[in-house]
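Let me begin by presenting the structure, written as structure tokens, before commenting on it.
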Amino acid sequence: MEGTVAHARKKELRQRIRSRRSTLSADHPARSELNAQVSALIESVMREGAHLNILAYASIAHEPSIDDALDQARTNGARVYLPVVTGAGEPLMFGEATVPMKELTPAGTWGIREPRPTVGAEQLVSDLGLALIPGLSFSAEGDRLGNGGGFYDRTFGPQGVAPLLREPGRHLPLSAGVCFEAEYGGKFPVAAWDLRVDAVVTEEGLRTV
Ligand SMILES: Nc1nc2c(c(=O)[nH]1)N(C=O)[C@@H](CNc1ccc(C(=O)N[C@@H](CCC(=O)O)C(=O)O)cc1)CN2
Ligand SMILES: Nc1ncnc2c1ncn2[C@@H]1O[C@H](COP(=O)(O)OP(=O)(O)OP(=O)(O)O)[C@@H](O)[C@H]1O
């Protein structure tokens, strides 16, 4: 069980970041700049190999939207997979986005645009080039503060079903957290099961941890 103090601290921080995000208008330059930085990252990974599978996300509420970057990646021949929540306490499943992002239908508790789930995490990770992970904040070490459901941790954390842990001789995708610059370098309690990313992309560019 996680400590009460840690839980309260994370709750407060989540509220603060959500509230700041809600003040960033839809046409704020940081939003389009972050989308462009994600595009640039996808293009640089695509240059390393002909075919690229990407794990991404369909933004909700005031999260940074990467729709344009994902539509462009698909047009350029990448395959884009999105997370699907199958139940509280369950790891994520994944489905391929085969239409423009804006044509996907919002579903479930949080109104997230989700495709039909077809792939589990173990299978997805084995052939993935890039994982774009949403977060409310990432520390300078790559620790992630998520929305609090524990979904990414149960899926990709060190104790999850498909850990993104680097080991010699094992293929793993580059994992990149996505958040606004003001949210990068945050300090918050970190638990043993928490997912860590290799890099963080903000509107200012890519930061490797
Ligand atoms: N775009 C996107 N897709 C995603 C995630 C995400 O963070 N972003 N997830 C990442 O795991 C999963 C869905 N998990 C989520 C968990 C909680 C909330 C959420 O907003 N929860 C509460 C606030 C919780 C609280 O602090 O009390 C809410 O309804 O406002 C959203 C998504 C899978 N897909
Ligand atoms: N591997 C795991 N096994 C069991 N429980 C877990 C695991 N990972 C996380 N949890 C549970 O999930 C809860 C939420 O974790 P945490 O606050 O780290 O979520 P988060 O990373 O912010 O959420 P999300 O990934 O959904 O955005 C924790 O209270 C913890 O008990």
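Scope of the values below: all heavy atoms of this structure, side chains included, with no hydrogens, waters or symmetry mates. Remember, it's 1-based here, ligands and their atoms both numbered in the order they're listed.
- Shown are Val201, Val38, Val200; of these, the side chain to side chain contact (heavy atoms under 4.5 Å, CB included) with Leu206 is made only by Val201.
- Sorted by first and then second residue, the ring-ring contact (aromatic ring centres under 6.0 Å, His included) pairs involving residues 129-160 (not counting sequence neighbours) are Phe94-Phe156, Trp110-Phe151.
- Looking only at heavy atoms of the protein, atom 5 (C) of ligand 1 is closest to Tyr152 CE1, 4.0 Å.
- Counting protein heavy atoms under 4.0 angstrom from atom 30 (O) of ligand 1 gives zero.
- Neither the backbone nor the side chain of Lys11 has a heavy atom within less than 4.0 Å of ligand 2.
- Within the 3.5 Å criterion, the main-chain N or O of Gln37 finds no donor-acceptor partner in the side chain of Glu203.
- Contacts between Val85 and ligand 1, counted as non-hydrogen atom pairs separated by less than 4.0 Å, involve the side chain only.
- Counting only heavy atoms of the protein, atom 8 (N) of ligand 1 lies nearest to Glu63 OE2, 2.7 Å.
- Distance alone, capped at 3.5 Å, places no donor-acceptor pair between the Arg154 side chain and the Leu92 backbone.
- The closest approach between Gly148 and ligand 1 stays at or above 4.0 Å for every heavy atom of the residue.
- Here Asp194 has side-chain heavy atoms under 4.0 Å from ligand 2, and that is the only part of it that gets that close.
- Put simply, the side chain of Asn35 gets close to the backbone of Ala69: a donor and an acceptor are under 3.5 Å apart.
- Looking at Asn147, Thr155, Leu92, Ile133, it is Asn147 that brings a heavy atom closest to atom 27 (O) of ligand 2.
- If you check which protein heavy atom lies closest to atom 23 (C) of ligand 1, you get Arg18 NH2, 3.5 Å.
- Distances from ligand 1 to the non-hydrogen atoms of Gln15 include no value under 4.0 Å.
- Among Arg14, Gln159, Arg154, the residue whose heavy atom sits closest to atom 6 (C) of ligand 2 is Arg154.
- Counting heavy atoms under 4.0 Å from ligand 2, residue Trp193 touches it through the side chain alone.
- Without hydrogens or angle criteria, Arg144 side chain to Ser137 main chain gives no donor-acceptor distance under 3.5 Å.
- For atom 19 (C) of ligand 1, the nearest protein heavy atom (residue, atom name, distance) is Trp110 NE1, 3.4 Å.
- Shown here, atom 27 (O) of ligand 1 is out of close reach of the protein: none of its heavy atoms lies under 4.0 Å off.
- At a heavy-atom distance under 4.0 Å, no atom of Lys11 approaches ligand 1.
- The nearest heavy-atom contact from the protein to atom 34 (N) of ligand 1 is Ile112 CD1, 3.6 Å.
- Residue, atom and distance of the protein heavy atom nearest to atom 33 (C) of ligand 1 are Leu92 CD2, 3.7 Å.
- Arg31 has its side chain within reach of His62: a pair of non-hydrogen atoms, C-beta onward, lies under 4.5 Å apart.
- Heavy-atom contacts from other residues, nucleotides or ligands closer than 6.0 Å to CZ of Arg79 number 12 or fewer.
- Ranked by closest heavy atom to atom 20 (P) of ligand 2, the top entry among Gly148, Pro189, Pro83 is Gly148.
- In terms of polar-atom proximity, Asn147 is counted as a contact of ligand 1, with an N or O under 3.5 Å from an N or O of the ligand.
- Contacts between Ala58 and ligand 1, counted as non-hydrogen atom pairs separated by less than 4.0 Å, involve the backbone only.
- Heavy atoms of His7 found under 4.0 angstrom from ligand 2: none, in either backbone or side chain.
- For ligand 1 and Tyr57, the ligand atoms under 4.0 Å from any heavy atom of the residue are 1 (N).
- When hydrogens are left out, the protein atom nearest atom 14 (N) of ligand 1 is Phe151 CD1, 3.4 Å; that is the closest non-hydrogen contact.
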